[in-house]
Amino acid sequence: MVRTVVLNIDDKEVRAKEGISILDAARKSSADIPTLCHENGLDPYGACRICSVEIEKKGRTKIVAACCYPVEEGLKVRTKSPKIDKIRKTIIELAAITAGEGLSGEMRLLASKYSADLSRFRSRVPTESTKCILCGLCIRRCIEANWDSIIGFAGRGVNRRVVLFPDRSGICSICNYCYDVCPTGRISSIGPSPHFPNIDNVTAGRE
Ligand code: FES
């Protein structure tokens, strides 16, 4: 039988099933935690960190990703504070480096909510605008739809990118399942194509 734990979210007592994430528990208690790389039904990935919250356990505090951190008995969670707002603001500003001008409405709303300066790091970090924040949502959707990944990550650091695995392109069912999930509009901007011609092809480097 699944146990129920009692925790405290923004000074409210919340009962939640053991094993669920802070994000799910917080949403049940109407707390507003933004997400970019999370979608109900897909495994949490913890890529964007926009869902950062502060937890207190045994008198010690730390920042964790709410979508990945499970609820615990007696946990104290703060979903908003000047410190958390500042973290989210910086995360959006960093995401804007690669997301470029073509930020989705969702990201623009978040930028406005947290007063993020989208050009803050762009001029200092000469990185190509890929319109991709590497959230991995399209890849996880692809795995769910096809039982395998036709697109995936390749490269490391600033060279990390989403690529099509050519040896697998034949199993693309053109389900377009990856299209509407992209928070920057990168995938849908490519247009309907079974083989995503504008995504780099790789023959090696699958990770
Ligand atoms: S939504 Fe939690 S890390 Fe992206």
Side-chain angles (χ1 to χ4, degrees), residues 7 9-10 14 16-57 61-72 75-100 102-116 118 121 127 130-144 149 151-153 156-158 160-162 177-188 207:
L7 66 160
I9 301 180
D10 294 336
V14 175
K17 283 193 183 135
E18 194 174 46
I20 74 166
S21 67
I22 290 176
L23 177 69
D24 286 340
R27 284 186 168 169
K28 282 195 183 108
S29 81
S30 307
D32 177 27
I33 300 178
T35 60
L36 282 174
C37 71
H38 178 78
E39 191 180 71
N40 288 339
L42 296 182
D43 287 340
Y45 184 56
C48 72
R49 316 306 280 190
I50 195 79
C51 65
S52 291
V53 295
E54 188 168 43
I55 59 165
E56 186 182 328
K57 206 159 87 170
T61 60
K62 69 175 174 177
I63 299 291
V64 300
C67 67
C68 297
Y69 201 96
V71 293
E72 287 173 22
L75 198 66
K76 276 190 187 163
V77 181
R78 181 127 334 259
T79 70
K80 46 183 183 281
S81 70
K83 183 177 171 183
I84 294 166
D85 284 356
K86 197 171 169 194
I87 290 170
R88 291 179 184 159
K89 172 181 180 289
T90 305
I91 287 168
I92 296 162
E93 290 169 343
L94 287 168
I97 297 173
T98 51
L103 283 178
S104 67
E106 184 185 357
M107 283 195 72
R108 285 196 183 279
L109 280 177
L110 284 175
S112 148
K113 181 172 177 182
Y114 293 100
S115 306
L118 298 177
F121 296 116
T127 302
T130 58
K131 259 188 110 180
C132 177
I133 59 168
L134 302 174
C135 68
L137 272 173
C138 55
I139 296 168
R140 283 174 286 150
R141 273 272 186 107
C142 182
I143 291 170
E144 188 183 81
S149 57
I151 49 179
F153 286 122
R156 293 183 188 280
V158 293
R160 193 156 174 81
R161 63 204 190 281
V162 175
Y177 203 41
C178 58
Y179 269 42
D180 62 356
V181 77
C182 176
T184 66
R186 162 69 173 148
I187 297 283
S188 54
E207 295 174 4

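Keep in mind it's a predicted model, so treat the numbers as computed, not measured. In each ligand, atom 1 is the first atom listed, and ligand 1 is the first ligand listed.
- To the nearest 0.5 Å, atom SG of residue Cys48 and atom CZ of residue Arg88 are 10.0 Å apart.
- Within the model, atoms CG of Asp24 and OG of Ser29 stand 11.0 Å from one another, a figure rounded to the nearest 0.5 Å.
- Protein atoms that are N, O or S and lie under 2.8 Å from atom 4 (Fe) of ligand 1 are these: Cys37 SG, Cys48 SG.
- Once rounded to the nearest 0.5 Å, the distance linking OG of Ser52 with CD1 of Ile87 reads 5.5 Å.
- Separation of atoms CZ (Arg27) and SG (Cys67) is listed at 9.5 Å; rounding is to 0.5 Å.
- Between Glu144 and Arg140, no side-chain nitrogen of the basic residue sits less than 4.0 Å from a carboxylate oxygen of the acidic one, so the salt-bridge criterion is not met.
- Taking CG of Leu36 as the start and CG of Leu137 as the end, the distance is 8.5 Å to the nearest 0.5 Å.
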